[in-house]
Amino acid sequence: MAVETVRKPYVRQRSAWWWTKNPRYVLFQFRELSSVFVVLYAFLVLWQLWALRGGSDAYYAFLVMWYSRPMMALNAVILAFAILHSVTWFALTAKVPLFRIKGRPPPAALVIGASLAIWVALSLLIVKLLYGGF
Amino acid sequence: MADRGTKMIKLRISRYRPERSGEPFDQEFTIPYRDDMVVLDALNYIKDHIDPTLTYRWSCRMGICGSCGANVDGTPKLTCALYLRDLKKRPVLIEPLANFAVLKDLVVDIEPFMEKLEAAKPYIIRKDERPIERGEYRQTPEELELYRQQSLCINCMLCYSACPVYGHDEKFLGPAASALALRYELDSRDQGSEERLAAVATEHGIWQCTFVGECSVVCPKHVDPAGAIQQLKALAATRLMKAMLLPLAPR
Amino acid sequence: MAAAEVDRVTPMFWGLFSAGGFVVAFLLPVFIFMNSLAYGLHVVPWEKVEYGGALRWIRGDPATALLGSTLGWLGGWLPKLFLVLIIGGGLFHGLHRFKYVLYDVGLHRAKKVLDPILYGIAAAGTVAAVVLAFSFP
Amino acid sequence: MERLAYDIVIVGGGAAGLRAAIAAAETSRSLRIAIVSKVYPMRSHTVSAEGGTAAVLRDYDSFDGHGFDTVKGSDFLADQDAVEFFVRRAPPEVIQMEHWGCPWSRDPDGRIAVRAFGGMTVKRTVFAADKVGFHMLHTLFQTSLKYENIERLDEWFVTQILAEGGKAVGVAALELRSGTLHAIAAKAVVIATGGAGRVYEFTTNGAIKTGDGMALALRAAAPLKDMEFLQFHPTCLPGTGILITEAARGEGGYLINNKGERFLKKYVPEKMELGPRDILSRSILQEIREGRGFQGPYGQYVGLDLRHLGEDVINKKLPMVRELAEEYAGVDPVHEPIPVRPGQHYIMGGVHTDVRGSTGVPGLFAAGEAACVSINGANRLGSNSLSECLVFGGEAGRSAAAYAISQPAVGSNPISGLVKAEEARIFDGLLKREGGENLAEVRSDMQHTMEENVGIYRNGDSLEKALAHVRELRRRYERVGVRDKDPFFNTELTTTLELDFMLDLAEAIANAALLRRESRGAHSRTDYPKRDDANFLHHSMAFRTATGLRFDKLPVKITKWQPAARVY
Ligand SMILES: Cc1cc2nc3c(=O)[nH]c(=O)nc-3n(C[C@H](O)[C@H](O)[C@H](O)COP(=O)(O)OP(=O)(O)OC[C@H]3O[C@@H](n4cnc5c(N)ncnc54)[C@H](O)[C@@H]3O)c2cc1C
Ligand code: SF4
Ligand code: F3S
Ligand code: FES
């Protein structure tokens with residue numbers, strides 16, 4: 001071989017802060033983070049059920065903690081993430097056409113809009129049905 | 001050839017010369033600027049008039065051959081379809097496509113991408129081949145419309161450059177190859193669904209995608225690979241679950 | 001590329017993840033609001049949240065009342081089912097996603113260990129939810 | 001050195017090369033085939049073809065119809081036996097593409113749709129919206145992945161055809177990724193390197209269309225045919241040269257001057273916008289010269305008006321036209337005419353072959369735009385060349401396969417000895433050269449000369465001037481220095497090699513044009529404005545000799561259609 005050449009493909013390292021470079025990546029990270037809060041809330045409710053099982057004293061102790069300021073704040077944060085999850089999830093599922101209109105997948109905006117409408121209606125229905133209204 | 005009085009523009013280009021230095025470095029160039037210049041024109045100006053060693057790929061300069069991708073100001077773009085006038089920052093920062101190994105200057109290693117493309121079995125698979133003399137397979141415009149969007153991929157790899165999952169898992173099948181798999185899945189002439197779904201539903205296949213969605217944002221041909229992957233997932237999951245629930249049913 | 005093994009496990013959990021995603025998206029926000037914040041914001045009275053109110057809720061009293069006599073039997077089931085869906089869906093959805101968060105920070109090599117742990121927790125939590133919720137009359 | 005040996009080496013991964021590879025692979029599973037391409041196959045310039053590919057598919061159509069249109073379009077310079085062969089084989093090729101998954105546009109009943117095209121008397125141009133080349137190339141490329149006996153050497157730049165005892169025995173190729181020159185042994189070599197538009201300044205062709213294969217063949221003792229015939233496409237975006245497909249007119253678009261008139265009524269009243277390209281290009285130039293063009297930053301132009309077609313038709317049938325006009329001319333064709341002017345587009349000439357793709361040099365075959373069979377004669381009809389790539393690509397692949405099978409196994413005979421000189425030329429010569437000349441300047445000088453003097457109109461004086469200038473540029477080329485001294489992925493080195501090829505071709509083109517003292521098809525001499533069948537009804541053949549180019553004549557084969565006046 002006449003010519004010896006060096007060649008080292010350069011593999012760049014991704015910084016741990018890659019996601020801060022683009023607002024859409026930030027949103028994505030928050031969406032992913034919502035999973036932590038969803039899981040956390042599932043456990044909190046299990047705890048709540050356990051306390052309710054434990055009788056009136058146990059449940060009152062739980063309620064004192066539940067309606068403390070820090071816990072209220074945490075729950076508000078969890079709610080915010082839950083809403084973020086809902087909205088991004090509707091955007092996501094709009095990409096998977098479950099049905100077709102005149103042979104074409106429905107436009108994403110339509111699917112998202114319909115999902116949001118169903119979401120609001122369903123929430124009101126639950127308030128009415130399970131909680132007997134406000 | 002800078003005329004007197006012409007506007008100038010400054011570009012910062014990330015360069016890598018493996019035979020000179022072990023690390024990439026940035027170099028700045030200031031060149032005359034016209035309003036109708038795309039980024040590729042600027043690169044060509046530098047190569048022709050300032051530094052012929054600058055290395056990058058291009059050919060069609062009409063957004064169809066897919067060779068001229070680079071990260072411009074941090075976003076993967078076709079340099080032949082990106083006007084300098086639309087860029088706000090100065091200097092304009094030009095780097096090789098992210099998530100790929102750099103060979104030289106703006107040239108990245110495409111081989112991993114080619115392997116993925118091939119792995120997705122992007123061709124018609126038929127159990128029975130109709131002889132050519134018997135003519136074409138009929139396909140209505142509606143049937144064509146079903147996969148048309150996914151057939152528009154120019155293999156420019158911008159989507160891979162934008163996908164953070166591909167950024168940490170170089171084995172991830174990735175957006176474009178998945179979109180191509182879906183393109184053949186949805187083609188009324190194809191009968192290779194089982195084989196192809198098996199090929200993409202692997203450990204580093206479609207399940208790795210966490211639906212960041214940035215691939216679809218950067219895709220210059222509106223292929224929507226993000227949507228394509230979710231559709232593939234739904235197809236593969238229902239297929240597998242059916243197979244498990246009804247082990248005796250024809251798949 | 002060498003033919004890679006078909007992954008038969010992930011699609012199952014992906015199915016649960018998507019189903020859970022729907023449940024969480026549609027049901028969770030309103031539940032968090034009613035269960036955690038409504039009282040603090042003075043939208044619901046104390047009687048509804050104290051021990052007795054909570055017991056009445058899980059027995060399905062409000063629902064039974066609303067559904068009337070013909071569908072009333074459903075009322076007792078609804079809150080329990082609702083809780084199981086939220087807890088199970090939330091766990092399977094959230095932990096699947098959390099798995100990828102962990103992969104993303106570099107733990108993808110630990111797939112063999114992570115998967116059983118995370119899906120195991122989801123399954124255990126769901127079973128606990130069923131047992132607890134249906135232990136109420 | 002790693003020894004590379006194949007049964008067949010195909011140079012080029014465009015439509016012609018890929019079709020050849022698949023045809024060879026299907027001939028015998030035991031043949032080892034390599035596609036050597038300087039770019040990844042899906043980057044080949046076939047990708048940019050927009051309008052369509054012609055084939056007789058309908059009852060109202062006939063082989064004679066397609067044949068006669070082609071021959072008339074060629075101004076009777078096409079070989080009619082080749083044309084007859086071509087029109088019969090085009091339909092099965094188009095169907096074959098369909099079977100491989102090409103997303104052809106369809107009629108409502110599911111049949112492959114056809115559209116009108118310039119010079120074709122009936123609708124016979126098959127299309128996939130207006131991304132025909134793109135879809136064909138990707139279909140062929142993706143299909144080629146199925147064949148285990150097709151290997152690819154992507155981003156390998158062929159610098160020489162290796163010959164021994166008058167036979168082609170392989171190629172020398174520069175592997176860009178390693179910067180090494182390899183000898184690749186092959187029993188048969190197929191050239192499918194596409195056109196040479198970059199010889200010109202204003203062209204629809206991509207950066208890689210530098211005519212390498214034609215120059216390689218010429219150097220390997222194969223003759224070039226009809227190099228004076230270059231097609232100028234009437235509708236290109238000023239500035240970039242980006243093509244606005246003929247389909248825009250096929251679907252009903254108008255050409256208008258600055259008075260808003262459809263000026264073609266003065267030139268081709270019968271056909272109007274669907275006249276052949278050579279005539280349309282000259283008409284536009286005439287309008288501009290007479291002061292009826294629009295003035296723009298890149299000189300004068302005329303308008304391509306699609307407004308009356310409406311947004312729906314434009315989106316459905318011409319989506320890429322809208323995309324290109326918006327992106328690259330800042331004009332939305334739904335609301336405004338698109339600025340257009342003629343530009344170099346296609347080369348009718350190329351490596352001389354017969355209908356089987358044989359060049360006459362044993363073991364050397366050619367197909368596609370790089371070859372000249374000739375079915376295109378003095379002017380190609382739009383949408384014939386993609387079909388040509390399929391038909392003759394396939395033929396060349398099968399011929400190469402048959403030839404390779406007939407040859408003894410590639411022996412132990414060390415072919416690497418053959419590249420020693422080439423290695424020295426490139427690595428010791430070119431790469432070390434410190435010249436005072438600038439590559440880009442010599443290149444643009446050549447392009448400018450060709451544009452000015454060997455363009456749509458030429459004459460004896462301009463051609464003499466061009467020829468002298470190109471020879472001068474050849475001398476300047478010898479002093480072009482290469483600044484990038486690293487052999488690895490050296491695109492400065494490859495563009496220098498490309499310029500070397502292009503200078504050979506520029507000379508052949510100018511010289512052939514000078515010798516043809518008549519006007520025929522796309523070759524329009526102001527000093528000889530008439531067609532002269534008595535003296536020039538022949539192909540011009542260029543051979544390379546130690547002292548320069550030698551030209552010869554080859555009679556045109558006429559079967560059914562006697563030369564007649566070409567009026568539209
Ligand atoms: C803008 C445009 C629109 C067109 N539209 C139409 C149309 O609508 N209908 C129609 O019929 N025709 C059309 N044409 C013409 C047609 O597209 C071309 O003639 C045809 O695609 C040529 O194909 P090919 O395979 O011969 O070459 P190409 O596709 O150009 O491929 C050449 C191949 O050779 C390789 N190569 C070249 N040199 C070397 C080397 N030194 N070493 C290694 N590899 C090398 C390249 O890498 C490439 O893979 C159009 C052309 C253009 C430019
Ligand atoms: S999907 Fe889009 S971004 Fe990705 S390779 Fe294809 S065209 Fe490029
Ligand atoms: S960006 Fe990546 S994670 Fe999925 S949706 Fe696109 S492939
Ligand atoms: S140069 Fe072909 S896509 Fe940009």
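Labels below follow one simple rule: chain letters A, B, ... track the order of the sequence lines, proteins then strands, and each chain is numbered from 1.
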Item checked: Engaged part of D:T204 at the chain B interface, taking heavy atoms whose separation is under 4.5 Å -> backbone
Item checked: Minimum side-chain heavy-atom gap B:D105-B:I13 below 4.5 Å -> no
Checklist line | Most contacts with chain D, counted as non-hydrogen pairs under 4.5 angstrom, among B:I154, B:T140, B:L54 | finding: B:I154
Margin query: Looking at chain B, which one of D:A440, D:A207, D:P297 has the largest number of heavy-atom pairs inside 4.5 Å, strictly under?
Written below: D:A207
Check: Based on non-hydrogen pairs under 4.5 Å, which of D:F141, D:Y40, D:W100, D:W104 is most in contact with chain B?
Finding: D:Y40
Next item on the list: Over 60° means perpendicular and under 30° means parallel, so classify the ring planes of B:F113 and B:Y160, tilted if in between.
Entry: perpendicular
Checklist line | Evaluation steps, side chain to side chain donor-acceptor pair (under 3.5 Å), between B:T55 and B:K47 | finding: CA-CA 8 Å; B:T55 307; B:K47 189 165 183 78; 4.8 Å; no
Notebook entry, point to check: Does a donor on one side chain and an acceptor on the other come within less than 3.5 Å for B:Q139 and B:Y147?
Noted result: yes
Next item on the list: Give me the ring orientation class for B:Y83 and D:Y328: parallel if the planes are under 30° apart, tilted from 30 to 60°, perpendicular past 60°.
Entry: tilted
Next item on the list: Name the option with the most non-hydrogen atom pairs under 4.5 Å to chain D; the candidates are B:K121, B:R130, B:E133.
Entry: B:R130
Check: Among D:S444, D:G241, D:G110, which has the most heavy-atom pairs under 4.5 Å with chain B?
Finding: D:G110
Note to self: Please find the pair of heavy atoms, one from B:Q231 and one from B:L186, that lie closest to each other, and give the distance.
What the structure shows: OE1-CD1, 4.4 Å
Check: At a heavy-atom separation under 4.5 Å, does B:R134 approach chain D through its side chain, its backbone, both, or neither?
Finding: neither
Notebook entry, point to check: Do B:Q150 and B:Y184 have side-chain atoms, one donor and one acceptor, less than 3.5 Å apart?
Noted result: no
Notebook entry, point to check: Does any donor atom in the side chain of D:T495 or D:E498 lie under 3.5 Å from an acceptor atom in the other side chain?
Noted result: no
Next item on the list: Name the member of D:K485, D:K146, D:H45 that forms the most heavy-atom pairs with chain B at distances under 4.5 Å.
Entry: D:K146
Note to self: Quick check on D:H99 against chain B: is it the side chain, the backbone, both or neither that has a heavy atom closer than 4.5 Å?
What the structure shows: both
Note to self: Tell me which of these, B:D48, B:I124, B:I64, has more heavy-atom pairs under 4.5 Å with chain D than the rest.
What the structure shows: B:I64
Next item on the list: Search all heavy atoms of D:D212 against all heavy atoms of D:K38 and return the closest pair with its distance.
Entry: OD2-NZ, 2.9 Å
Next item on the list: Please look at D:N205 and chain B and tell me whether the side chain, the backbone, both or neither of the residue comes under 4.5 angstrom of a heavy atom of that chain.
Entry: backbone
Next item on the list: For D:S105 and D:K317, test the side chains for any donor-to-acceptor distance below 3.5 angstrom and give the result as yes or no.
Entry: no
Item checked: Toward chain B, the part of D:E50 with a non-hydrogen atom under 4.5 Å -> side chain
Item checked: D:D486 versus chain B, the contacting section by heavy-atom distance below 4.5 Å -> both
Margin query: Counting heavy-atom pairs closer than 4.5 Å to chain B, which one of D:M42, D:R43, D:H138 comes out on top?
Written below: D:R43
Notebook entry, point to check: chain B heavy atoms under 4.5 Å from D:K131: which part of the residue, side chain, backbone, both or neither?
Noted result: side chain
Notebook entry, point to check: Taking every heavy-atom pair that is under 4.5 Å apart, which of B:D51, B:L152, B:D187, B:D41 has the most such pairs with chain D?
Noted result: B:L152
Item checked: D:E98/D:R106 ion pair, N-O < 4.0 Å -> yes
Notebook entry, point to check: Where does D:E441 contact chain B at under 4.5 Å (heavy atoms): side chain, backbone, both or neither?
Noted result: neither
Next item on the list: Check each atom of D:M97 against the heavy atoms of chain B and say whether the ones under 4.5 Å are side chain, backbone, both or neither.
Entry: neither
Next item on the list: Examine D:R115 relative to D:F127 and say whether NZ or CZ is less than 6.0 Å from the centre of the six-membered ring and inside a 45° cone about the ring axis.
Entry: yes
Notebook entry, point to check: If you tally heavy-atom pairs under 4.5 Å against chain D, which of B:R148, B:E143, B:R57, B:R126 wins?
Noted result: B:R57
Next item on the list: Flag the pair B:M62 / D:T240 as yes when at least one side-chain heavy-atom distance between them is below 4.5 Å, and no otherwise.
Entry: no
Notebook entry, point to check: For B:R189, is it the side chain, the backbone, both, or neither that has a heavy atom closer than 4.5 Å to a heavy atom of chain D?
Noted result: side chain
Notebook entry, point to check: Under a 4.5 Å heavy-atom cut-off, does chain B meet the side chain of D:L324, its backbone, both or neither?
Noted result: side chain
Next item on the list: Count the heavy-atom pairs under 4.5 Å between each of D:P92, D:G206, D:S48, D:P103 and chain B, then report the option with the highest count.
Entry: D:P103
Checklist line | Least distance between heavy atoms, B:G63 atom then B:K221 atom | finding: O-NZ, 2.8 Å
Margin query: Is B:C80 in contact with chain D via its backbone, its side chain, both, or neither, using a 4.5 Å heavy-atom distance?
Written below: both
Next item on the list: Please look at B:I132 and chain D and tell me whether the side chain, the backbone, both or neither of the residue comes under 4.5 angstrom of a heavy atom of that chain.
Entry: both
